[in-house]
Amino acid sequence: LDVDETRSQWVRRARWIVTKGVRVQGIWVSEDGILAVSVMCSGEVVAWRRSDEEATGWARMAVAFLEGVLPEAVAGVRLPSQTNAMLVMIAIGSTDRKLRLLVYRESGSETIVSPLGSVTGHQDWIRSAAFRTIGQNEVFLATGSNDNNVRVWRMLLTTEEQFNEREGALGSKQVFFKFPGDTQEGVTVGAETVLHSHTDKITSVAWHPTLPCLSSSSLDSSIILWKVPEREKADETWRQIARFGLVGGSGAHAFGFFDAGFPSSRLDVVAHSWGGALHYWEQSDLGGDLNSEFCFRALPFTGGNLGPVTSIAWSPKDAHSILTTSDDKSTRIYQYIHQQSSWFEIFRPQVHGHPINTATFIDVEGLAFASGGEEKMIRVFRCPSMSLSRGTESTKTKDGIVEVPALGLTNKIIGDDMHDSQGGLDESSELDGLHIASFGTSNAQSHVEVAPLEESLLRGRLWPETAKLYGHGNEISCLACDAGCPTVKAPGTILASACRSQSHDFSEIILWDTSDWTEKRRLYAHDLTILQMAFSQSGEALLSVSRDRTFSIHTNPNRNEPGHDPFDFNLIRRSSQQGRQINCCGWSWDDQIFATGSRDKTLRFYVGLGSTRTGEPLSSRSTMKFSSGVTALSFHEKPLSSGCVIVTGLEDGGIHVVNVDQSTVDHIPSLVLSIDPMLCHAGRVRGIACGGVSNDSMLTLASCSDDGSVRLYKLAYV
């Protein structure tokens with residue numbers, strides 16, 4: 001990954017397979033981006049060198065093997081050399097408690113990775129490592145372990161003769177390792193210090209790029225900043241200058257931090273914790289050096305999911321919110337915050353005990369939704385009354401605060417006097433002269449006016465559950481609601497649901513009345529799991545696709561007429577024209593075309609409601625072939641001069657934009673755009689949703705994937 005300065009965003013520069021079928025345990029990339037070292041669970045150590053200026057090509061340079069070792073961490077640093085050779089020291093921490101040192105040497109046409117030896121000191125697995133150059137021939141190596149300690153090693157580039165002359169200068173115990181080849185150079189390794197303050201496993205260590213400061217994160221829910229002693233002050237020792245995270249109780253990071261580091265030249269700190277959450281502390285007043293008084297404040301940060309994202313949907317009316325579900329057992333709502341010019345998670349309305357497969361808005365304004373997962377029931381949630389201003393308030397209702405009971409899965413309203421639901425505040429206090437920064441649960445007003453902090457998302461942004469729907473015998477596979485149908489007489493009236501199935505009896509579609517949540521009708525057309533359903537723009541037809549390689553259409557042509565039963569849907573078409581299971585479906589903006597995407601790598605287009613009403617034989621008017629199975633599709637609501645736009649997502653993570661020419665009888669599709677693979681997903685696309693067109697004539701597109709990411713694109717309308 002690299003930063004694209006012109007677009008102020010991260011872009012993927014290169015992607016390559018290190019060893020197929022073998023898990024990568026760690027990777028280190030040099031500061032200049034020329035060299036990379038990867039370690040695998042098999043003990044293989046591979047050095048890679050960039051082969052072009054654009055960083056899109058990498059060549060495999062050298063390989064070493066560590067037999068009987070499971071690596072856990074890797075770090076490297078480039079060392080000065082008396083010759084013209086490139087010399088890189090590599091440190092690898094492993095599960096056998098040894099810190100192994102290797103050297104990468106590149107001289108002319110010769111490139112090797114050679115083991116030097118190992119040092120011991122930790123009493124448990126070594127989970128992290130980081131180098132820092134402190135002099136012309138001297139470096140620090142920090143390592144973190146499951147023994148709750150951080151060790152700092154001092155390494156000096158020297159010769160064996162110099163080592164013998166000054167033996168003891170690095171402490172009570174030092175070891176000399178000679179570099180391979182015809183050279184007298186080597187490195188002397190000795191213990192600098194052991195840092196004790198964490199009470200649980202160390203997950204990461206990181207050096208500040210410019211300041212003499214080291215950070216360490218731990219599963220004890222804390223991050224500590226350590227000041228490196230100045231050489232001129234012989235009596236100065238390593239000391240803590242700041243501590244972040246949890247100070248008693250439970251919170252957004254009660255399960256500990258997995259990683260922490262410094263994102264800039266300031267003393268800002270960014271950390272990653274449970275649930276895909278990212279935390280950011282901004283340093284206020286540094287005062288010029290680390291001996292001055294300074295404080296931190298917590299800021300909202302764009303996070304994400306911990307597991308595959310299973311579905312995605314825009315709010316129906318003006319596409320201002322994005323609703324996602326995930327295997328991490330949560331539903332999340334994102335909005336664009338204009339004051340901060342970025343997208344943020346503003347609600348986490350459902351935190352559940354089961355993976356959630358699907359969700360759909362059931363309200364035109366996007367203030368209510370239904371979700372389904374493994375537990376065979378559908379849950380309905382509605383936005384609390386004080387949260388209707390799109391994320392500017394916490395989920396505090398007139399009666400109290402929304403929480404999940406300790407022994408339950410239902411979001412309930414509790415009393416108002418327990419705590420402030422906004423939470424997520426930046427607390428700072430002095431404890432024994434040590435600055436402590438925490439999220440806390442203070443009752444004061446948060447300085448974050450719009451985007452909430454992780455603490456608030458976890459504990460104060462739930463939505464109350466208003467209904468449970470029982471009727472399916474297996475876990476819910478898909479949901480659809482007519483709230484997004486622009487021409488229906490009463491949008492948001494019908495919720496359709498389906499479940500996983502291996503037989504015709506369980507492959508039913510249940511229609512629910514959203515006014516009283518009663519079951520109104522059961523529709524039968526398939527023999528296996530229904531994978532997706534979609535209402536037509538008029539709400540008069542329901543399209544469904546299944547693992548049995550068929551699609552079906554149920555219609556209610558008189559639905560919008562006064563006095564007619566809106567639930568009177570009947571099967572009029574069932575067809576199988578694709579060779580593998582059909583994953584996705586959708587209707588065009590005018591209901592004249594519908595499309596289905598299949599695992600057989602085809603996208604097929606059919607004539608829409610016109611032929612279904614007249615009884616004409618239904619056949620595929622046109623077909624488009626892709627390089628991988630089609631797993632998601634979405635029609636855009638705005639028509640072009642000659643047709644409509646459809647966006648497809650593939651099994652290999654690719655995203656393509658297709659134009660369908662409606663001026664011809666065969667509705668010929670043409671590929672308009674294939675999004676750069678470097679900007680696409682790294683796993684199967686699970687959902688695609690086209691938003692509205694902004695004032696600058698840009699189409700907003702949202703997608704989700706098995707790679708755990710939600711991606712938003714802006715496509716220019718030309």
Side chains of [X] and [Y] only: does a donor on one sit below 3.5 Å from an acceptor on the other?
{"X": "S575", "Y": "Q577", "answer": "yes"}
{"X": "N357", "Y": "E475", "answer": "yes"}
{"X": "S546", "Y": "Q581", "answer": "no"}
{"X": "S321", "Y": "Q335", "answer": "yes"}
{"X": "S477", "Y": "T529", "answer": "no"}
{"X": "R332", "Y": "S330", "answer": "yes"}
{"X": "T623", "Y": "R604", "answer": "yes"}
{"X": "D652", "Y": "H681", "answer": "no"}
{"X": "T358", "Y": "S311", "answer": "no"}
{"X": "S371", "Y": "T331", "answer": "no"}
{"X": "N305", "Y": "D328", "answer": "yes"}

Query raised in the report: Side chains of I378 and S497: does their closest heavy-atom pair fall under 4.5 Å?
Result: yes
Query raised in the report: Is the shortest heavy-atom distance from the side chain of F551 to the side chain of L543 under 4.5 Å?
Result: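 Of all side-chain heavy-atom pairs linking L543 with F551, at least one is under 4.5 Å.
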Requested in this report: Check the angle between the aromatic planes of F381 and F369 and answer parallel, tilted or perpendicular using the 30° and 60° thresholds.
Outcome: parallel
Query raised in the report: Counting distance only, does the side-chain N/O of D527 pair as donor-acceptor with the main-chain N or O of D548 below 3.5 Å?
Result: no
Query raised in the report: Looking only at atom types and distance, does a side-chain atom of S326 sit under 3.5 Å from a main-chain N or O of P308, one as donor and one as acceptor?
Result: yes
Report summary line: Between R686 and D706, the two heavy atoms sitting closest are NH1-OD1, 2.6 Å
Could you check, using the six-membered ring where one of them is a Trp, whether [X] and [Y] have ring centers closer than 6.0 angstrom?
{"X": "Y336", "Y": "H320", "value": "no"}
{"X": "W587", "Y": "F635", "value": "no"}
{"X": "F594", "Y": "F605", "value": "no"}

Query raised in the report: Between R559 and E540, is a salt bridge (Lys or Arg N to Asp or Glu O under 4.0 Å) present by the stated rule, with each step listed?
Result: CA-CA 6 Å; R559 175 187 172 179; E540 297 178 354; over 6 Å; no
Report task. Taking only Lys NZ, Arg NE, NH1 and NH2, and the carboxylate oxygens of Asp or Glu, determine whether E651 and R684 approach each other closer than 4.0 Å. Result -> no
Requested in this report: May I have the step-by-step check of side-chain contact (heavy atoms from CB on, under 4.5 Å) for L701 and I688, ending in yes or no?
Outcome: CA-CA 7 Å; L701 172 68; I688 291 264; 3.7 Å; yes
Query raised in the report: Taking the six-membered ring of F347 as reference, does the NZ or CZ atom of R461 fall below 6.0 Å from its centre and within a 45° cone about the axis?
Result: yes
**Report entry** From CA spacing to verdict: salt bridge (Lys or Arg N to Asp or Glu O under 4.0 Å), E374, R500
**Finding:** CA-CA 10 Å; E374 283 187 351; R500 298 189 187 275; over 6 Å; no
